[in-house]
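Worth knowing before you read on, the calculation uses all heavy atoms, side chains too, and leaves out hydrogens, waters and symmetry mates. By convention in this document, chain letters (A, B, ...) are assigned in the order of the sequence lines, proteins followed by strands, and residues within each chain are numbered from 1.
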2 protein chains.
Amino acid sequence: MVNKAKDISTEQKILEAARQVFFDKGMDGARMQDIADKAGINKALLHYYFRSKEKLFETIFAESFNNFFPKLSLILESDTDFSVKIEMICTAYIDQIHSMPYLPIFILHEVARQPESFLKKIWSSYPPPVKLFIKVVETAVKKKEIKPVHPLQVIMNIVSLCIFPFAAKPLLQQVTGISKKQFSVLMEERKKLVPQMIIQSIKK
Amino acid sequence: MVNKAKDISTEQKILEAARQVFFDKGMDGARMQDIADKAGINKALLHYYFRSKEKLFETIFAESFNNFFPKLSLILESDTDFSVKIEMICTAYIDQIHSMPYLPIFILHEVARQPESFLKKIWSSYPPPVKLFIKVVETAVKKKEIKPVHPLQVIMNIVSLCIFPFAAKPLLQQVTGISKKQFSVLMEERKKLVPQMIIQSIKK
DNA sequence: GTCTATAACTCGATAGAC
DNA sequence: GTCTATCGAGTTATAGAC
């Protein structure tokens with residue numbers, strides 16, 4: 001398979017191919033041969049650009065980790081009501097993951113398998129803004145805008161409701177037989193449903 | 001490592017070891033040598049009991065698939081209020097997964113990777129009671145016990161809120177630094193929180 | 001930068017003794 | 001049933017020509 005756009009660099013072709021194969025098979029199941037085929041080059045060239053499979057994986061994993069936390073900081077720091085922030089976060093998450101539905105399983109599977117030291121290194125470059133998120137919830141509680149709640153429960157609720165359906169998509173499709181299209185419709189609906197649920201569960 | 005209880009059969013030792021290794025590493029990352037070591041036997045004996053790695057995996061995957069759907073049918077068929085059913089399902093799910101926290105990632109990762117034909121075969125023996133679940137929600141809607149809602153959205157909400165936190169546990173612990181114990185406390189709380197959220201979101 | 005050829009190694013599987 | 005020893009396929013990585 002040769003890339004039509006001649007201006008796409010070999011490195012970019014490799015990264016795109018690696019993304020597809022790693023997302024699909026995971027680190028252990030991915031084959032350098034498959035990545036080379038998909039990029040339209042041969043194995044040796046992979047090693048020329050990225051020294052080893054591990055280095056290539058690290059590159060994909062790091063950028064994915066970053067993508068897993070959509071522009072949360074910007075939203076959290078914005079000067080908007082708490083409920084508006086919730087709505088924006090849900091929409092950002094659902095849109096983000098909808099465009100790369102294999103991301104959640106990949107991240108969850110690999111995070112559970114990598115040594116702590118490796119993870120520490122990765123997100124020293126891509127820090128998820130959890131502290132900030134917790135602070136935003138705590139502030140809303142103090143200002144009596146919402147009920148006193150454990151911030152982590154709220155965060156878990158939001159992320160669960162937005163992301164899990166994508167992680168469970170293959171299972172859901174197998175079990176219910178719904179089409180790709182029907183699934184997309186459900187996910188679009190959730191951009192309204194999920195914030196409603198969250199707000200309702202913590203409003204005074 | 002030799003098993004102390006002499007009455008535990010070799011087959012059981014293999015299955016327990018295989019469960020651990022497959023849950024931890026996935027099919028592709030698992031090594032027959034690791035399973036043999038953990039079971040206190042050698043590789044050849046694995047092949048004597050289960051012809052191949054694939055057969056052994058199939059055994060573990062099938063029983064896991066079954067465990068992923070806790071005794072839903074019994075609860076769904078029970079003669080109780082809709083809201084009580086929701087509560088029972090959440091408790092059943094959280095308790096079930098709490099006792100095997102690696103199950104969700106394993107199932108989600110592997111389901112996405114197995115061919116459709118294989119999955120069809122598996123759950124012809126372990127059918128998840130989705131049809132029944134949908135019917136229960138639809139009945140509650142018709143009886144005007146709850147708002148008109150898309151049953152799949154309700155099901156997704158329940159499963160997301162109960163299961164995702166376990167799938168995200170390694171990530172959550174890395175990112176927030178909470179202990180195993182603190183995590184358990186949060187999950188216990190959720191047995192009350194989640195049903196409340198679900199009921200509130202669909203009550204008339 | 002890109003290719004072919006191959007070295008070095010890992011791992012599932014089997015043969016065959018006890 | 002259980003073991004040791006080994007084969008052979010498949011995979012990452014490198015050497016070296018162009």
Can you tell me the distance, in whole Å, between the CG atom of Asp34(B) and the P atom of dC11(C)?
8 Å

Quick one: sort the Phe61(B) and Phe65(B) rings into parallel, tilted or perpendicular, breaks at 30° and 60°.
tilted

Close side-chain approach of Ile158(A) and Leu161(A), heavy atoms under 4.5 Å
no

Any donor-acceptor pair under 3.5 Å linking the side-chain atoms of Gln173(B) with those of Lys180(B)?
no

Measure from NZ on Lys55(A) to P on dA13(D) and round the result to the nearest Å.
11 Å

I'd like a list of close polar pairs between nucleotides 15-18 of chain D and the protein, N/O only, cut-off under 3.5 Å.
none

Within the 3.5 Å criterion, strictly below it, is a donor on Gln20(A) or Asp24(A) matched to an acceptor on the partner's side chain?
no

Can you tell me the distance, in whole Å, between the CG atom of Leu45(A) and the P atom of dC3(C)?
6 Å

Ignoring backbone atoms, establish whether Tyr48(A) has a side-chain N or O less than 4.0 Å from OP1 or OP2 of dC3(C).
no

Expressed as a whole number of angstroms, how long is the span from Leu46(A):CG to dA13(D):P?
10 Å

Expressed in angstrom and rounded to an integer, what is the separation of Ile41(A) atom CD1 from dA13(D) atom P?
14 Å

It should be established whether Thr10(A) places a side-chain nitrogen or oxygen under 4.0 Å from OP1 or OP2 of nucleotide dT2(C).
yes

Taken to the nearest 0.5 Å, the spacing of Ile8(A) CD1 from Lys13(A) NZ works out to 8.0 Å

Can you measure Asp37(B) atom CG to dC11(C) atom C1' for me and round it to whole angstrom units?
13 Å

Is the phosphate of dT14(C), meaning OP1 or OP2, less than 4.0 Å from a side-chain N or O of His47(B)?
no

Is a side-chain donor-acceptor pair under 3.5 Å present for Ser184(A) with His98(A)?
yes

Indicate yes or no: does Arg19(B) engage Glu16(B) in a salt bridge with an N to O separation below 4.0 Å.
yes

Under 3.5 Å, is there a donor-acceptor pair linking the side chains of Asn67(B) and Glu63(B)?
no

For Lys53(A) and dG10(D), give me the distance from atom NZ to atom P, rounded to whole Å.
16 Å

Calculate the interatomic distance between Gln33(B) atom CD and dG12(C) atom C1'; express it in whole Å.
11 Å

With a 4.0 Å cutoff (strictly under), does any side-chain N or O of Asn42(B) reach OP1 or OP2 of dC3(D)?
yes

Looking at residues 24-32 of chain A, who's got a heavy atom less than 4.0 Å off DNA chain D?
Ala30(A), Arg31(A), Met32(A)

Tell me which pairs pass salt bridge (Lys or Arg N to Asp or Glu O under 4.0 Å) where either residue lies in residues 107-127 of chain A, with sequence neighbours left out.
Glu58(A)-Lys121(A), Glu116(A)-Lys120(A)

